[in-house]
Amino acid sequence: MPRDQIESDAFVGREQYDPISVQDKWLPIWDELAPFRSGNADDPRPKKYVLDMFPYPSGDLHMGHAEAYALGDVIARYWVQQGFNVMHPIGWDAFGLPAENAAIRRNSDPGSWTYENIATQRASMRRYGCSFDWDRTLNTCDPEYYKWNQWLFLKMFERGLAYRKDSFVNWCPTDQTVLANEQVVDGKCERCDSIVTKKKLTQWYLRITDYADRLLDDMEQLVGAWPDKVLTMQRNWIGRSTGAEVAFEIEGRAEPVTVYTTRPDTLFGATFFVVAADSDLAAELAAGTSAEAEFMAYAESVSRVTEMDRLDAGRAKTGVFLQRFAINPVNGERIPIYASDYVLADYGTGAIMAVPAHDQRDLDFARTFDLPIRVVVQGESDPIETGIATADEGPHVNSGPLDGLGKTEAIEKMIELLAAQGRGHATVNYRLRDWLISRQRYWGTPIPIIHCPTCGEVPVPEDQLPVLLPDASGLDLKPKGSSPLGAATEWVEVACPKCGADARRDPDTMDTFVDSSWYFLRFVSPRRDDVAFDVEAVREWLPVDQYVGGVTHAILHLLYARFFTKVLHDLGLVDFDEPFRRLLNQGMVVMNGSAMSKSRGNLVRLSDELATSGVDAIRLTMVFAGPPEDDVDWADVSPTGAKKFLARAWRLAGEVATEPGIDPTAGNLELRRATHRALHDASTAVAAFRFNVAVARLMELVNATRRAIDTGCGPADPAVREATEAVAIMLSLVAPFTAEEMWERLGRVAPVALAGWPTVDPALLVEESVTCVVQVAGKVRHRLEVSPDIDEASLREMALAAEPVQRSLAGRAIASVVVRPPRLVNIVPASE
RNA sequence: GCCGGGUUGGCGGAAUGGUAUACGCGGAUGGCUCAAACCCAUCUGUCUGAAAGGACAUGCGGGUUCGACUCCCGCACCCGGCACCA
């Protein structure tokens, strides 16, 4: 290589890598090539489905989107390089409150705001180089989509899975609408942080509790494929407990009252009885007694207590003695009945037997009201003295036939005894409640039910779907506690489909979580207007091979989507019962340890970062920052470093001095080994979501190639081309623009995305020589360069002969020598 | 309280029971340059030592093992979930 050639290469090395012009260059070409189109029916490649949780179109993309889509893209692009036909669709979760609030503010309609934002996000995603299949977009606010929400609702209605009931519901006073249990966080509205109150309303529910066992048990399939954290959260949320129902006779009442308990073995210790203050039963028991007035006042005060206050752990127990008595079925004791708000009306049967010695809440209540406390399970301490309820395993005392038994046997025995008398049986209970889906807002899917004075709840006939939202103009969208749709007279007033009489449409809209509970199915056939989804295409593409999204949806969305899938399975529309085979929860992008927000003043604008560093550098920064599930602290990472690395990789492509297609087998062996090692390690790492490690291996290869060009085999060695092409292909998962530009500079034809992952030659994964460490008593004292296939005996001999080894043995006798060719020898000296 | 996850250099983080600290950020020194930037090279856990080397280090304390960041037992702290759910 002549001196001036090297200098001119060095000059090329110093030309500026300009990521922005590279982006502008490739975007229109990619539009043309559409490498990620997945809908070709003749495509022979095996299929994979990669799905990013679709965004809510609240404005332009932000740093969080940038991270999530960078990670999803690595997986999608990796599988494309591995020869799969990858469906990687995107859509918009486009119904919801922010659009309505924006419309009120701007005095326009929610639709125009929403569609403007969708257009903005779509353009940003394209510029971000997302490998989406643009033929498969969907918006949940399109009638073509929400028609199928209505259809699914009617299918559930037919099966009794959608029903109306009257009960106390969570009410957000700011948004002026009801909330599902899942949307109440720490007693506050998860959306606006207002303190949630209770309101008695008739609302639509989906019977998710019918599926509680399956939602719980089917998680077995997901162990190892979903983060443990998410599985745990779902298990906690479902909250299955096993126990027994026990019937108590009530003096002066014909029917007994059943209670639920997880500790039927403590029945002999039940010294009083409590019913939920807000239950119908409490009102009935109080009626006509001398306690009625006191109870009414108490019940009234309870209804004013917010969820927030109710959850306060240190709150003193309150209640009213109802002047009534229950009979303990095992010993015939008369025990007083109280009403209190520490018993929940909607869990179990809304009534409990109180065992103060062994339940802290009951003990607190007993001490407040001076009620008797009877120990029936021998414990370490005495609850009467300590005020701390005990929960020991036994043995039982003061419990007749249970005396001497441990907890498990005692529970069994008690259930037997109760069953023999027909007064009880084993049962299970769940923390999970049915899913309240009615919302008193405009921008959502109308509930396709017509209320007729004579026929009741009448489903809108299927051929009349969709029930379109009426035009928002002329409607008052301001929150006022009842649905804005109720005021759309012409829309609301319809003839009953059954009898033709004057009737009214249900004025509420559906919770937007309904929309996202099945959108992953719609992507297989987003333009079909005759079915919700093509059943045959679903069979081919689903379940989703890889789902990617934030842990914020660990309970809500994922539980609902699993529920819908099981319902669809029972309807015979899908043949699987879990929708997402693998789940990756990416962390958040934070700044200086806390979530970015305008008010905190630590907001980093994605558009600024893209302008200074370029798309690829931002994507690389996100991917390389650490394990994907960890938060990325923008203060800890270096987009500048990422940009430098990309320039370094790009420069290699300009220096390769051989033609495309040259046979690499004659090339420099050391560099070839590095190339194949990097390809192998990077695929393993990507498959295990260890993207940061894959990038590290790629950086090593770039470093090795740099060295080979500068001080090794030189740019004309075929191995340099092989290495640089491998760099471009690996880089295409993370930094598609730079990779494409490199590919072109290498004389190859775009798109690099379809280049295919190079085949790894296993022979090149074997090193020429390896470093063997020699330990004395477990401490490294010497290193030997040996052949990888060295035999045990000669390795042992070499190790023992080495001077530093002898020195540290210092004449001590050798007790044993552990030889693990070719990497390690450990010499264990005899102890003194 | 119950359940899950974590604790490795100045920082982000690597490590099938076998070379702890890969890769990068930051830092130092040198080269290139009139100079700076860019780029390139070398060094960079702590202590000790002129050096060779040695000692100590993966939250703390034990254990198993020839060998432990990795497995087991106990503890501390941090993060997340559930929690008046009987």
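Chain letters run A, B, ... following the sequence lines, proteins first and then strands; every chain starts at 1.
Residue A/Trp650 contributes atom CH2, which lies 16 Å from atom P of B/rC38 at whole-angstrom precision. The OH atom of A/Tyr347 sits 4 Å away from the P atom of B/rA86 (whole-angstrom rounding). For the pair A/Phe273 CZ and B/rA86 C1', the computed distance is 12 Å after rounding to whole Å. Rounded to whole Å, atom P of B/rG81 lies 12 Å from atom CG of A/Leu556. Taking atom CG on A/Asn236 and atom P on B/rG81, their separation rounds to 11 Å, with Å as the unit. Atom NZ of A/Lys779 is separated from atom P of B/rG67 by 12 Å (rounded to the nearest Å). One interatomic measurement links the two molecules: CE of A/Met699 to P of B/rC23, which rounds to 11 Å at whole-angstrom precision. Taking atom CD1 on A/Ile238 and atom P on B/rC82, their separation rounds to 13 Å, with Å as the unit.
When only modelled atom types and interatomic distance are considered, A/Glu785 and A/Thr771 share a side-chain donor-acceptor pair under 3.5 Å.
Side chain A/Arg820 to base B/rG18: a donor-acceptor pair is found below 3.5 Å. One donor-acceptor pair, N or O on each side, does fall under 3.5 Å between the base of B/rC84 and the side chain of A/Lys317. Donor-acceptor pairing under 3.5 Å, judged by distance alone, is present between the side chain of A/Asn826 and the base of B/rC66.
Side-chain proximity of A/Tyr342 to the nucleotides B/rA83, B/rC84, B/rA86 is greatest for B/rC84. Of the candidate nucleotides B/rU19, B/rG5, B/rA22, B/rA22 has the atom lying nearest to any side-chain atom of A/Arg697. Side-chain proximity of A/Tyr260 to B/rA22, B/rC40, B/rA86: nearest is B/rA86. Closest approach to the A/Arg783 side chain among B/rA83, B/rU19, B/rA22 is made by B/rU19 (side chain taken as heavy atoms from C-beta onward). Taking only side-chain atoms of A/Phe624, from C-beta outward, the nucleotide of B/rG81, B/rG24, B/rC66 with the closest atom is B/rG24. Taking only side-chain atoms of A/Thr771, from C-beta outward, the nucleotide of B/rA83, B/rA22, B/rU19 with the closest atom is B/rU19. Across B/rA15, B/rG13, B/rA41, the shortest atom-to-atom separation from the side chain of A/Asp630 is found for B/rG13. For A/Asp636, counting side-chain heavy atoms from C-beta on, the closest listed nucleotide (B/rG12, B/rC82, B/rG4) is B/rG12.
Anti is the classification of B/rG5, since its glycosidic angle lies more than 90° from 0.
A/Arg706 has a carboxylate O that lies under 4.0 Å from a charged side-chain N of A/Glu655, or vice versa, which qualifies the two as a salt bridge. A salt bridge between A/Arg796 and A/Asp791 is absent, with no side-chain N of the basic residue lying under 4.0 Å from a carboxylate O of the acidic one. Using a 4.0 Å cut-off between charged side-chain N and carboxylate O, A/Asp346 and A/Arg433 make a salt bridge.
When the nearest nucleotides of RNA chain B are assigned to A/Gly348 and A/Val773 by heavy-atom distance, the more 5′-ward of the two goes with A/Val773.
Judged by Watson-Crick or G-U wobble contacts below 3.5 Å, the nucleotide B/rC60 has B/rG74 as its partner. A 3.5 Å limit on both hydrogen-bonding distances identifies B/rG81 as the Watson-Crick or G-U partner of B/rC2.
Both tests do not hold together for A/Lys317 against A/Phe365: distance to the six-membered ring centre under 6.0 Å, angle to the ring axis within 45°.
On the C1' atoms, B/rC39 is 16 Å away from B/rA35, given to the nearest whole Å. Using atom C1' as the reference point in both B/rC34 and B/rA51, the two lie 40 Å apart (nearest Å). Rounded to whole Å, the P atom of B/rA68 lies 37 Å from the corresponding atom of B/rA41. Annotation: B/rA76 and B/rG26 have their P atoms spaced 40 Å apart (nearest Å). Distance noted for atom C1' between B/rU46 and B/rU58: 14 Å (whole Å). Separation of the C1' atoms belonging to B/rG17 and B/rU70 is 7 Å when rounded to the nearest angstrom. A distance of about 15 Å separates the P atoms of B/rC72 and B/rU7, rounded to the whole Å. With P as the reference atom, B/rC79 and B/rU44 are 36 Å apart, rounded to whole Å.
The aromatic rings of A/Tyr338 and A/Phe272 sit perpendicular, their planes meeting at an angle over 60°, well past the 30° parallel limit.
Within the 4.5 Å cutoff, the side chain of A/Pro227 has heavy atoms near those of the A/Leu583 side chain.
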